[in-house]
Structure formats: structure tokens, C-alpha cells
2 protein chains.
Amino acid sequence: MSDEIRRNMPLFSMGIVTDLTELSSRQVRYYEQQGLIRPVRTKGNQRLFSFNDVDRLLQIKSLMEKGVNIAGVKEMLREKDQQQAQEAQPEPQPQEVTKPDLSDAELHKLLKRQLSELGSRPNQSHLIRGELSRFFH
Amino acid sequence: MSDEIRRNMPLFSMGIVTDLTELSSRQVRYYEQQGLIRPVRTKGNQRLFSFNDVDRLLQIKSLMEKGVNIAGVKEMLREKDQQQAQEAQPEPQPQEVTKPDLSDAELHKLLKRQLSELGSRPNQSHLIRGELSRFFH
DNA sequence: CTTTTTATGTTAAATTTCCTTACATGCATT
DNA sequence: AATGCATGTAAGGAAATTTAACATAAAAAG
């Protein structure tokens, strides 16, 4: 729980995040606009990102490089969020499945179509998916 | 060693550091000028601080609140740096003691005089000495 | 008890970074 | 051919940061 706080502490400015992720600021703002991340703001309205935000951005980048579109990314992050919420409160809560934004059929079709690609491009000198987790234990 | 990289990765802008440490930017710059920290710079000449920098600033703050002056802080950080350097390369290196900037007598006198005070003031909502270490394992 | 040093505050001007908005565009999808 | 998605780019303004200078209270030195 104290870990939760650390992961969500607003620490990084836009410039550092673009360096860390090698995303353009345009991309980062677009992803925020699409509801994929929720950085807080300074008094002067500038974005401050947390470890979690950077982590999500790396996941988003990874997925989009595989051809997944925003809708797909949104769906996958939503699932992951649910998992984490479950882990956070381990009470076995009998709950009817929350309706996904997209039907299972739609999502399946979507992913099936998109996962037939594979853009490959060497990368380094910045964070890659999974590398961030080492910042905490 | 990979840990060393993480600890020294330039991540934080001035604003975040002043929030984290509750030091004024003036203080942070002064401590840099005195050689206590060495933040790197962006292309545009703005400071970028690492975890290590923030950690040192918290130590500096803690010491100065106890009345230790810059010279004393400098000495104590130097000692700690030596320790860490030793731990990093555990080769039993027979080395004659490096001459301190201040003689032992001077330092002793200095600390003895200064440690007779104790400014107490409640603090919260920011990092305190030792709290930062949890960001890594 | 003056004088000097230390550590920090404050202000100003210049520079850099970031913000929003708007328009442009290549590539898929329809 | 027309539309939508994801991103680039440019303009204008606001916020954050920088250096340099001057001010000052408290401590140290003489």
C-alpha cells in the first residue's frame, strides 16, 4: 500500500518521460486524451507523471508497436487494472462480469486482424517494457 | 552495478526536488555550488537530479538542521562516499589514509561546538531522511 | 564589540520547457 | 473516393528554471 503511494507519486516532467519512453510529447498527450493515463498537474498546469504512468506508457508503446490500436490497448490496460484492483483487495467478492467497452467478439476480431503484423526496429538507451519495475523491488 | 545506474539516472527537475526535499531552490543551488551534489544538465542547461542527488540532499538537510555547517556536511558526505567506493570494489586495497580537507582536530572542534544545539520543528508530506531508499529495494 | 563570513532570501532579465489549439498528413478502413 | 486514426508540426502564451546581483540575520573571527 505504501508501495502504491510510491508508484503513484507525481515525479516526472514531460521531458523526462519522453526521454524515458522515447515517445513524442504529442503521443503522450494523445494517450492521455484517450484516457490511457492520468498524470496530475502542477499549479501551473504542467503534467507530472508517476512511475505507474511511465510504466503504462511503456506498455502502450509496446502494444502499439505490435499493431494494436488505441481501443485494443485501452481494453488490455483495463483488464490489467482489474487484476491489480483484485490483488489490492483480496476479498473474494462474487461479482458479475463487468461489461467490456467492446464485445468479446469485436475485440477478438480486432486483435486477430492486428496481430498479423510485426514491426521490428532495434532500440536502446532508454527504458523498455519491464525495465522500470526494477526501480522499486 | 545496474543499481548504480538507476540511482544515478537523471530523472528529477528542480521543482520536484524542492517538493521532495522541502529545500528552496536557492539552497539546492548553493549546495551544488559547494560541491555537495553534481546534477547533470539538459541541453537547455536545466538541472536534472538523480535518486542519489535527492538522497544526498535529504542527508544534507538533516545534518544542517542539526547545526552542522557546510564544511561539516562536506566532510561527512566525503566519508560516506569513500565507504561506498570501498563496497563497490571489495578488493582489500592497502591505502594510506587520504588527507581530509580539515584536520581531525579542526573537524572535532567544529562538530563539538555545533552539536550543542538542536532545532526541532515538526515536518511532513514530503520525503524525510531514509524514506527515499524504499524507491529501490 | 566591530568586522567578516555563512547560508539563505529576493528580485530581475533571459532562456527553456511545456501548454493548448489548430491544421496537415500518411495509412487503413469503409 | 471518403473517413477515421495516430502523429507531426507550428504558433502564441504561460510556467519553470537559470544566472547574477544585492540584501541580511546569525555566527564566527578578530
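Below, chains carry the letters A, B, ... as their sequence lines are ordered, and counting in each starts from 1. Since the model is a prediction, treat every value here as computed from it, not as a measurement.
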Does A/Arg78 pair with A/Asp81 as a salt bridge, N-O distance under 4.0 Å?
no
Only residue of B/Arg41, B/Arg56, B/Arg38 satisfying salt bridge (Lys or Arg N to Asp or Glu O under 4.0 Å) with B/Glu32 is B/Arg41
Classify the side-chain pair A/Arg29/A/Gln33 by whether it contains a donor and acceptor separated by less than 3.5 Å. no
Worksheet item: A/Arg29 near the nucleic acid: base, sugar-phosphate alone, or nothing, with a heavy-atom cut-off under 4.0 Å?
Response: base
Atom CD of A/Gln33 and atom C1' of D/dC5 are separated, to the nearest Å, by 12 Å
In whole angstroms, the gap separating C1' of D/dT19 from CE of B/Met14 amounts to 12 Å
- Query: Counting only side-chain N and O atoms of B/Arg26, is one of them less than 4.0 Å from OP1 or OP2 of C/dT10?
  - Reply: no
Rounded to whole Å, CD1 of B/Ile16 lies from C1' of D/dT17 at a distance of 13 Å
Considering only heavy side-chain atoms of B/Tyr30, the closest of D/dT19, C/dT6, C/dT20 is C/dT6
| said: A side-chain contact here means heavy atoms from C-beta on lying under 4.5 Å apart; do A/Thr21 and A/His126 qualify? | reply: no
With a 4.5 Å limit on heavy-atom distance, are the side chains of A/Leu57 and A/Ile60 in contact?
-> yes
Heavy-atom nearest nucleotide on DNA chain C taken for A/Gln46 and for B/Ile70; more 5' hit belongs to B/Ile70
Here the distance between atom C1' of D/dT7 and atom CD of A/Glu65, to the nearest Å, is 14 Å
Here the distance between atom P of C/dT10 and atom CD of B/Gln27, to the nearest Å, is 11 Å
In whole angstroms, the gap separating P of C/dG26 from CG of A/Asn69 amounts to 21 Å
A/Asn45 atom CG is separated from C/dT17 atom P, nearest whole Å, by 19 Å
When rounded to whole Å, the CD1 to C1' distance for the pair A/Ile60 and D/dA6 reads 13 Å
### Task
Using a heavy-atom cut-off of under 4.0 Å over every strand shown, decide if B/Ser24 touches base, sugar-phosphate, or nothing.
sugar-phosphate
Among the nucleotides C/dT20, D/dT7, C/dT8, whichever has the atom closest to the side chain of A/Met64 is D/dT7
Indicate whether OP1 or OP2 belonging to C/dT20 is found under 4.0 Å from a side-chain N or O atom of A/Arg41.
yes
Just call it for B/Ser13: base, sugar-phosphate, or nothing, with non-hydrogen atoms closer than 4.0 Å on any strand.
sugar-phosphate
